[in-house]
Amino acid sequence: MKWRAVLATSQKLKGDIQVEIQVYLRGKRRMDIDNIAKSLLDGCNNICYDDDSQVTYLQIQKHRVANIEEQRVELTLQQAN
């Protein structure tokens, strides 16, 4: 996660941040959505923002996909309104 965040980030966000996460998973393996969010947000610390305590809005959805090629995470970060 940190490597991808470094590649996608030009500068850290300051102040309050809103985050939207879309997770696309294959198979029947159960994953707790709160653990997914924590892992992703912690991975962005000191790269996309100073600390994940800046997140004031969080939306996350988990989707099932048929093929392994469709597995992915889409993470959108922006300044909160």
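Both backbone and side-chain heavy atoms feed into the values below; hydrogens, waters and symmetry mates do not. Here the structure is a predicted model, which means the values were calculated and not measured.
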Chemist: Any side-chain heavy atom of Val19 sitting closer than 4.5 Å to one from Cys44?
Modeler: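 Sidechains of Cys44 and Val19: no contact.
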Chemist: Would you compute the distance between atom CD1 of Ile17 and atom CD of Gln78 and round it to the nearest 0.5 angstrom?
Modeler: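 Answer for the CD1-CD pair, Ile17 versus Gln78, is 10.5 Å.
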Chemist: Would you give the length of the straight line joining atom OG1 of Thr76 to atom CD1 of Ile21, rounded to the nearest 0.5 angstrom?
Modeler: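 One finds 9.0 Å between OG1 of Thr76 and CD1 of Ile21.
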Chemist: Using a 3.5 Å distance criterion without hydrogens, assess whether the side chain of Asp51 forms a donor-acceptor pair with backbone atoms of Ser53.
Modeler: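 Such a contact is found between Asp51 side chain and Ser53 backbone.
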Chemist: Which Ile, Leu, Val, Met, Phe, Trp or Tyr residues join Val65 in one cluster when any pair of side-chain heavy atoms under 4.5 Å counts as a link?
Modeler: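 ILVMFWY cluster around Val65 also holds Tyr24.
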Chemist: As an exercise, state the distance from CG of Asn45 to CG of Leu40, rounded to the nearest 0.5 Å.
Modeler: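 Reported value, rounded in 0.5 Å steps: 11.5 Å.
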Chemist: Short question: side chain of Tyr57, backbone of Asp16 - any donor-acceptor pair under 3.5 Å?
Modeler: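 No, Tyr57 side chain to Asp16 backbone: no donor-acceptor pair under 3.5 Å.
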Chemist: Name all residues meeting the salt bridge (charged side-chain N to carboxylate O under 4.0 Å, His left out) criterion together with Lys14; count only those two or more places apart in sequence or in a different chain, and write none if there are none.
Modeler: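 For Lys14 the salt bridge (charged side-chain N to carboxylate O under 4.0 Å, His left out) partners, ignoring immediate neighbours, are Asp50.
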Chemist: Could you measure the distance from the CD1 atom of Ile36 to the CD atom of Gln61? Nearest 0.5 Å is fine.
Modeler: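 One finds 12.0 Å between CD1 of Ile36 and CD of Gln61.
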Chemist: Let me confirm one number: the CD-CZ distance from Gln22 to Arg72, rounded to the nearest 0.5 Å.
Modeler: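 Gln22 atom CD to Arg72 atom CZ measures 9.0 Å (nearest 0.5 Å).
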Chemist: Identify the heavy atoms of Arg64 and Arg29 that sit nearest to each other, and give their distance.
Modeler: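 Nearest pair, atom of Arg64 first, then Arg29: NH2-O, 3.1 Å.
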Chemist: Lys62 and Met31: which non-hydrogen atoms are nearest, and at how many Å?
Modeler: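 The pair with the smallest heavy-atom distance is NZ-O, 2.6 Å.
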Chemist: Please report the interatomic distance CZ(Arg30) to CG(Leu25), rounded to the nearest 0.5 Å.
Modeler: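 Interatomic distance, Arg30 CZ to Leu25 CG, rounded to 0.5 Å: 13.0 Å.
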Chemist: How far apart are the closest heavy atoms of Leu41 and Tyr49, and which atoms are they?
Modeler: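 Looks like O-OH, 2.7 Å.
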Chemist: Of all residues at least two apart in sequence or in a different chain, which pass the side chain to side chain donor-acceptor pair (under 3.5 Å) check with Gln71?
Modeler: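 Testing Gln71 for side chain to side chain donor-acceptor pair (under 3.5 Å), a comparison that skips the adjacent residues, returns none.
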